[in-house]
Protein chains: 2
Amino acid sequence: MLSNRQLLILQVIIDEFIQTAQPIGSRAISKKPSVSFSPATIRNEMADLEEMGYIEKTHSSSGRVPSEKGYRFYVDNLLLPFHLSHDDKQIITNVFDQDLVEFEQVVQKSVRVLSEMTNYTSIILGPEVYETTLKQLQIVHLSRTTAVAILVTNTGHVEHRSFTIPSEINPADLEKLVNILNVKLTGVPIVKLHSRLQQELIAILTDYVSDLELAMNYLKGALLDQQPNNVYIGGITNMLLQPEFNDVSKLHSLYSMIEQEDLVANLLRASAEGIHISIGHENKVNEMQDCSLITATYSLAGKQIGTIALLGPKRMEYSRVISMLNLLSNRMSDTFDRW
Amino acid sequence: MLSNRQLLILQVIIDEFIQTAQPIGSRAISKKPSVSFSPATIRNEMADLEEMGYIEKTHSSSGRVPSEKGYRFYVDNLLLPFHLSHDDKQIITNVFDQDLVEFEQVVQKSVRVLSEMTNYTSIILGPEVYETTLKQLQIVHLSRTTAVAILVTNTGHVEHRSFTIPSEINPADLEKLVNILNVKLTGVPIVKLHSRLQQELIAILTDYVSDLELAMNYLKGALLDQQPNNVYIGGITNMLLQPEFNDVSKLHSLYSMIEQEDLVANLLRASAEGIHISIGHENKVNEMQDCSLITATYSLAGKQIGTIALLGPKRMEYSRVISMLNLLSNRMSDTFDRW
DNA sequence: GTTAGCACTCTTGATCTCCGAGTGCTAATT
DNA sequence: AATTAGCACTCGGAGATCAAGAGTGCTAAC
């Protein structure tokens with residue numbers, strides 16, 4: 001167990017290090033107004049804190065630096081609720097002021113605002129379509145042999161994909177097929193489209209359409225193949241501002257990781273509801289083990305549909321960032337619910 | 001005028017520097033099989049080349065490094081046609097092998113391939129829609145008050161935008177309006193949509209639709225407001241591999257420039273037909289003045305519709321890169337024409 | 001005209017020193 | 001018993017110094 005004094009000292013060390021990125025010495029701590037002990041006393045406490053693994057030295061006679069265990073303790077026990085300034089709140093709220101009626105717009109704007117306000121890299125995993133349903137399906141013929149399939153969801157999301165129509169398929173058949181599908185599939189959740197197609201409709205459809213299989217395969221390809229990774233990333237260059245990434249080789253490995261959107265997407269897809277923080281080696285991805293990742297989820301009708309995340313150095317402004325993520329994720333959920 | 005020997009030496013210096021990024025000394029040059037003079041002779045020639053401004057020293061007793069004037073001369077006069085390896089050609093050709101029928105897919109794939117093959121940053125300015133025409137216009141109602149407007153072009157490009165329907169507008173009117181517009185505007189070039197709407201159709205439309213103005217304004221907003229910046233950028237992290245960007249502060253200014261997509265878009269939009277090279281300070285954008293930018297254009301039916309560019313250090317592999325850009329832009333033009 | 005030779009210049013890396021910030025420990029103080 | 005002052009010690013960082021090496025410019029010889 002940590003004494004109150006140790007708690008105070010640990011708190012000061014971490015707060016200070018978050019600001020300056022410099023090791024903190026006993027003298028500097030004793031000068032803090034909230035601290036009223038001599039450097040010698042503090043040195044004793046620091047030795048204990050170090051023994052317990054909450055802080056570290058960079059070399060034998062340096063000041064102390066928080067360890068990952070220290071950050072973890074800080075995040076779990078020492079985090080003070082942070083009051084966002086009125087301006088900050090306003091900026092976040094403003095994102096939702098214009099009448100944006102599309103998920104995508106909201107998300108794009110949020111990513112930008114978040115990275116600008118925090119100076120970290122922000123990542124949003126766009127709303128998953130689990131709950132969205134098919135609103136309308138349509139084929140637009142571009143020429144004899146090419147067409148675009150367009151799929152509109154009830155959330156205003158539009159997917160489209162071009163394809164070539166093989167000469168074996170009768171365009172009229174395709175047309176008929178689409179008409180039937182529209183009647184039968186409107187309102188069906190997107191994720192269930194595939195199984196619905198397979199299980200329930202084949203029987204009905206064979207009656208209407210010759211060469212069914214061929215046409216179906218084409219439609220399936222057009223509509224379902226691409227599950228796009230709706231990952232939005234902003235402020236990647238902010239990493240350059242952090243002294244911990246002065247080293248180009250570190251940057252390179254981190255950046256090439258971030259460039260792999262599917263990897264990032266999978267990582268975030270696993271996030272638990274609410275705010276969650278992974279510090280350094282708590283991250284499974286190697287390239288992130290010098291970073292902290294804070295995730296928050298947002299929801300539609302109480303059901304989690306996406307994730308907002310901030311990636312920065314372990315030395316993040318946890319408390320401020322958490323407040324911002326909370327506010328943003330609530331606003332997002334509210335907005336989506338209102339639609 | 002440069003003597004043949006001077007040309008040879010300049011060529012060797014630049015070729016070598018492009019490979020190694022290290023200053024080249026007279027001894028190293030004289031060891032090249034293509035060179036048969038002693039270091040002393042070469043030193044004399046180098047002094048002349050330096051006086052003329054084609055090469056520079058990094059310090060008084062260092063080897064020589066090409067100046068921007070040197071690169072310019074090299075690019076204008078010394079560039080040998082580069083023969084792409086069979087594999088390289090194959091990789092580029094493969095981009096077009098699958099039956100991609102959408103501009104976007106082709107462009108996205110090209111950007112990736114290009115940056116992977118060159119290790120530079122590749123930028124493609126997506127096809128401008130000047131020549132594309134409206135294929136179909138459609139409104140899908142999501143709810144009483146929201147809808148998505150979808151616009152399909154003859155090239156398979158799909159634009160969409162959600163909007164809220166103000167209560168003053170009669171949904172039936174909107175429907176009617178869209179029907180009429182579809183009949184009247186199909187086949188009209190996208191860029192002319194706006195003027196067409198204003199000039200020719202207002203008269204006809206007033207007969208059919210009450211509250212015309214309101215409905216029109218909404219449609220215009222939905223369809224024409226956003227001219228999206230179709231800029232695709234790949235391999236940004238490749239910059240980290242170049243020794244000239246070891247310095248984090250240089251990287252930062254360059255990266256924050258690249259992050260501004262509209263700036264990049266405007267820059268490329270101005271590119272002249274064919275291959276064009278800007279070296280260092282020939283670039284107007286400050287942040288690029290340590291870089292070279294090579295642009296190539298591609299076309300549809302002989303009309304330039306977009307730009308491919310590679311951004312790298314001044315020490316670029318000009319000749320290889322130019323061959324690749326040539327091949328790629330031709331293939332792109334061919335493919336688009338074939339549709 | 002070309003090249004060998006040589007003195008000179010400048011970078012690079014290694015080694016050393018000095019300074020200061022910070023520590024741990026002990027002994028004095030409260 | 002807890003706190004603090006005092007002090008010796010440690011280590012990193014900034015400079016200074018030095019030697020090695022790569023490269024140059026110039027002169028004189030070929």
Side-chain angles (χ1 to χ4, degrees), chain A residues 1-10 12-17 19-67 70 243-244 246-247, chain B residues 1-10 12-17 19-67 70 243-244 246-247:
Chain A
M1 243 344 25
L2 295 181
S3 70
N4 281 341
R5 194 162 65 189
Q6 287 171 332
L7 291 178
L8 174 62
I9 290 175
L10 182 56
V12 169
I13 291 177
I14 299 187
D15 281 339
E16 197 64 20
F17 188 73
Q19 296 303 321
T20 64
Q22 298 294 326
I24 326 295
S26 53
R27 217 178 94 92
I29 296 176
S30 83
K31 277 194 180 155
K32 286 264 141 187
S34 56
V35 177
S36 51
F37 320 99
S38 74
T41 313
I42 293 168
R43 279 204 288 282
N44 282 324
E45 299 288 26
M46 288 207 292
D48 289 348
L49 284 171
E50 184 171 10
E51 223 162 54
M52 291 184 278
Y54 293 111
I55 55 181
E56 294 166 347
K57 286 189 273 198
T58 60
H59 58 88
S60 78
S61 73
S62 76
R64 300 311 208 290
V65 154
S67 68
E244 23 272 284
N246 258 336
D247 179 12
Chain B
M1 237 354 13
L2 295 181
S3 69
N4 280 342
R5 194 161 64 188
Q6 287 171 331
L7 290 178
L8 174 62
I9 290 175
L10 182 56
V12 169
I13 290 177
I14 300 188
D15 281 340
E16 196 65 18
F17 188 73
Q19 296 304 320
T20 63
Q22 298 294 326
I24 326 294
S26 54
R27 217 179 95 91
I29 297 176
S30 83
K31 277 195 181 156
K32 286 265 140 186
S34 56
V35 178
S36 53
F37 320 99
S38 75
T41 312
I42 292 168
R43 279 203 289 281
N44 283 323
E45 298 289 25
M46 289 207 290
D48 289 348
L49 284 171
E50 183 171 11
E51 222 162 55
M52 291 185 277
Y54 294 111
I55 55 180
E56 293 167 348
K57 286 190 273 196
T58 60
H59 58 88
S60 77
S61 74
S62 77
R64 300 310 208 290
V65 154
S67 67
E244 25 271 284
N246 257 335
D247 179 12

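On a predicted model such as this, the values are computed, not experimentally measured, just so you know.
Rounded to an integer number of Å, the gap from A/Arg27 CZ to D/dA5 C1' is 14 Å. Atom CD in A/Glu50 sits roughly 12 Å away from atom C1' in C/dG22 (whole-Å rounding). The separation between A/His59 atom NE2 and C/dG20 atom P is 16 Å, rounded to whole Å. Protein atom CG of A/Leu49 is 11 Å distant from nucleotide atom P of C/dG24, rounded to whole Å. B/Arg64 places its CZ atom 14 Å from the P atom of C/dC10, with the value rounded to the nearest Å. Rounded to an integer number of Å, the gap from B/Glu51 CD to D/dG25 C1' is 13 Å. Between the P atom of D/dC26 and the CD atom of B/Glu45 lies a distance of 15 Å, rounded to the nearest Å. A/Ile42 places its CD1 atom 12 Å from the P atom of D/dT3, with the value rounded to the nearest Å.
Closest non-hydrogen pair, B/Pro39 versus B/Ser26, comes out as O-CB, 3.5 Å. The two residues B/Gln22 and B/Phe17 come nearest to each other via the heavy atoms O-CD1, 3.1 Å. The two residues A/Leu10 and A/Leu49 make their nearest non-hydrogen contact at N-CD1, 4.1 Å.
The phosphate of D/dG6 (OP1 or OP2) has no side-chain N or O of A/Arg43 nearer than 4.0 angstrom. Close to C/dT23, at under 4.0 Å from its OP1 or OP2, lies a side-chain N or O of A/Ser26. Residue A/Thr41 places no side-chain N or O under 4.0 Å from the OP1 or OP2 atom of D/dT3. Phosphate contact (OP1/OP2 of C/dG22, side-chain N/O of A/Ser62, threshold under 4.0 Å): absent. Residue A/Arg5 places no side-chain N or O under 4.0 Å from the OP1 or OP2 atom of D/dA2. Contact check, B/Lys57 against D/dA22: no side-chain N or O comes under 4.0 Å of OP1 or OP2. For C/dG22, neither phosphate oxygen OP1 nor OP2 lies less than 4.0 angstrom from any side-chain nitrogen or oxygen of A/Ser61.
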* Checking side-chain contact (heavy atoms from CB on, under 4.5 Å) for the pair B/Gln6/B/Ile9: CA distance, chi angles, key distance, verdict? -> CA-CA 5 Å; B/Gln6 287 171 331; B/Ile9 290 175; 5.7 Å; no
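With D/dG6, D/dG25, C/dA4 as the candidates, the nucleotide lying closest to the side chain of B/Ala40 is C/dA4. Side-chain atoms of B/Ser38 lie closest to C/dT3 of the nucleotides C/dT3, C/dC6, D/dT10.
The neighbour count for A/Lys57 NZ, taken as heavy atoms of other residues, nucleotides or ligands under 6.0 Å away, is above 12.
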